[in-house]
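Source: prediction; values computed, not measured.
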Protein chains: 2
Amino acid sequence: MPVATDRSPNAERQRDAVFLPLYKQIKSLLVQRLQQGEWKPGEPIPSELELAARFQVSQGTVRKAVDELAAENLLVRRQGKGTFVATHQDQEPRAQYRFLRLVPDDGEAVPTQSSFLACRRTRAPADVAQQLALRSGEAVIYVRRLLAVGGAPLVLDDIWLPAALFRGLTSERLAEYRGPLYGLFEAEFGTRMIRADERIRAVAAAGDVAALLAVAPGSPLLLVDRVSYTYREQPVEVRRGCCVTTHYHYHNELF
Amino acid sequence: MPVATDRSPNAERQRDAVFLPLYKQIKSLLVQRLQQGEWKPGEPIPSELELAARFQVSQGTVRKAVDELAAENLLVRRQGKGTFVATHQDQEPRAQYRFLRLVPDDGEAVPTQSSFLACRRTRAPADVAQQLALRSGEAVIYVRRLLAVGGAPLVLDDIWLPAALFRGLTSERLAEYRGPLYGLFEAEFGTRMIRADERIRAVAAAGDVAALLAVAPGSPLLLVDRVSYTYREQPVEVRRGCCVTTHYHYHNELF
DNA sequence: GAGTGGTCTAGACCACTCC
DNA sequence: GAGTGGTCTAGACCACTCA
């Protein structure tokens, strides 16, 4: 399936609606196939040489496309083995908890316990609907989860998901699943989280939240508002987390 | 100045103390020259062809080294013009305020007013000394700065810098300088911030801090503990910021 | 040993910038 | 038009993995 057989880029390609370098076009085609589920999370994609043959370009061009996708964490390269679709169900914890920035002040990451306090179908509040690019009042699944470590509550998450994409998500399935939520989402619902935006604030704990987190009302909490996106910048999760940061902190690296 | 004239990498290079791909070696040499100030912030580095000739490698190899340095924000490529040393004094605000993640909840970034409440030479507290890789009690410069927007206090920063690197930093120089602090640091003291680690918590405002930020004691504040590094992972700044997040939030993007 | 990604080269041509 | 970074190719060889 040639993308542009002509060697002089402008001659053939500038007539296209959008002119892009070959490797960007290849990249876009790869994302399209990922989105369509041609290769599933954890599976290998075809080798560079095969992709080069398939797209009628040189290996170097495929390479550059794959390099960028690997840099964006959509693909994972493993020398000698192949290139794999990134997954939240991976073995390595850094891949598994890629989006978890809350870490203990000292010592290593400790396994957390999840308990699900709610999981029900409801109508999207206006702000949530807007962030999910849904019409106001459209069906969403609302989940409330308490994360604890060593019995001490750490995070209270309120999560909204488009009901259309997560049909069949119940408390039972949530409770029985081991590992990160995003692993469940991609394995059971075919929705893979690629990117997220977070807005972070300090707030005073309201009464009900304070009770669930076992802190005094008015205690300072870290409020993390997240919107997660799947392929092609499609928003698929709104999450509001209240975190107790007495022994944990949010870690971030600036470049 | 050849890095490895031999074409078979292992034959010659594996005898070296560390074996690295050619482009990593080039990259390291470039960082070394940046660190030594051979090319100053904002200035162009030699063209790819010239570097290739100088290091006795192909343009492609230089290119890969420069690509990585550009990805790490040490260099900035501009097509048709050249490759430049990144700077905090740049025109574009996104480059200028690269490390500022605090943004207004709505609307565009508004210019802030800095006032410097303290700037004095003192001994490093134990924790600061450790983070700066100094001996406990070694001389540091302590700066306290209040950031306000439209007259309303927004951030109170406490900053510690190794006195050895920032000799001559005074309240006067701070007050008369326009633009980001890191611009002053790189222009006047030759220390360029490359990377930073941040630890973020929610805390209750203590009395003195609350007064300076014009909030009630006990109000929730975002506490941002930052350690900044210059070339070669050398820590050169410890900063503790207390932020009022009623109309601003800390923005972060996860990949 | 076959197959995969990783490095390196040499050369062609393109797009952009500035004189 | 000269010089710069940006794209693309073709081919060689290397390092790693696994059967």
*Sequence neighbours left out, what passes salt bridge (charged side-chain N to carboxylate O under 4.0 Å, His left out) with B/D157? Give chain and number order.*
B/R145, B/R239
_Any base atoms under 4.0 Å from A/R63, or only sugar-phosphate, or nothing? Heavy atoms, all strands._
base
*Which residue, A/T61 or B/S47, contacts DNA chain D at a nucleotide closer to its 5' end, judged by nearest heavy atom?*
B/S47
*For A/D67 and for A/G80, locate the closest nucleotide of DNA chain C by heavy-atom distance; then report the residue assigned to the nucleotide nearer the 5' terminus.*
A/G80
*Return the 5'-most residue of the pair A/I45, B/K81 with respect to DNA chain C, ranking by each residue's nearest nucleotide.*
A/I45
*Please identify each residue that fulfils salt bridge (charged side-chain N to carboxylate O under 4.0 Å, His left out) with A/E68, with sequence neighbours left out.*
A/K24, A/K27
*Could you say whether B/T83 or A/V62 is positioned toward the 5' end of DNA chain D, judged by the nucleotide with the nearest heavy atom to each?*
B/T83
*Could I get the full list of salt bridge (charged side-chain N to carboxylate O under 4.0 Å, His left out) partners for A/R63, not counting sequence neighbours?*
A/E48
*List in chain and number order the residues that pass salt bridge (charged side-chain N to carboxylate O under 4.0 Å, His left out) with B/E253, two or more places apart in sequence or in another chain; answer none if no residue qualifies.*
A/R195
*Are a donor atom and an acceptor atom from the side chains of B/E186 and B/T87 found within less than 3.5 Å of each other?*
yes
Name every donor-acceptor pair, under 3.5 Å, that has one atom in a side chain of residues 38-45 of chain B and the other anywhere in the protein, sequence neighbours excluded.
residue: B/E38; atom: OE2; partner: B/R54; partner atom: NH1; Å: 3.4
residue: B/K40; atom: NZ; partner: B/G37; partner atom: O; Å: 2.9
residue: B/E43; atom: OE1; partner: B/K40; partner atom: N; Å: 3.1

*Can you tell me which stems DNA chain C forms, taking runs of 3 or more consecutive Watson-Crick or G-U pairs with both distances under 3.5 Å?*
C:1-18 with D:1-18
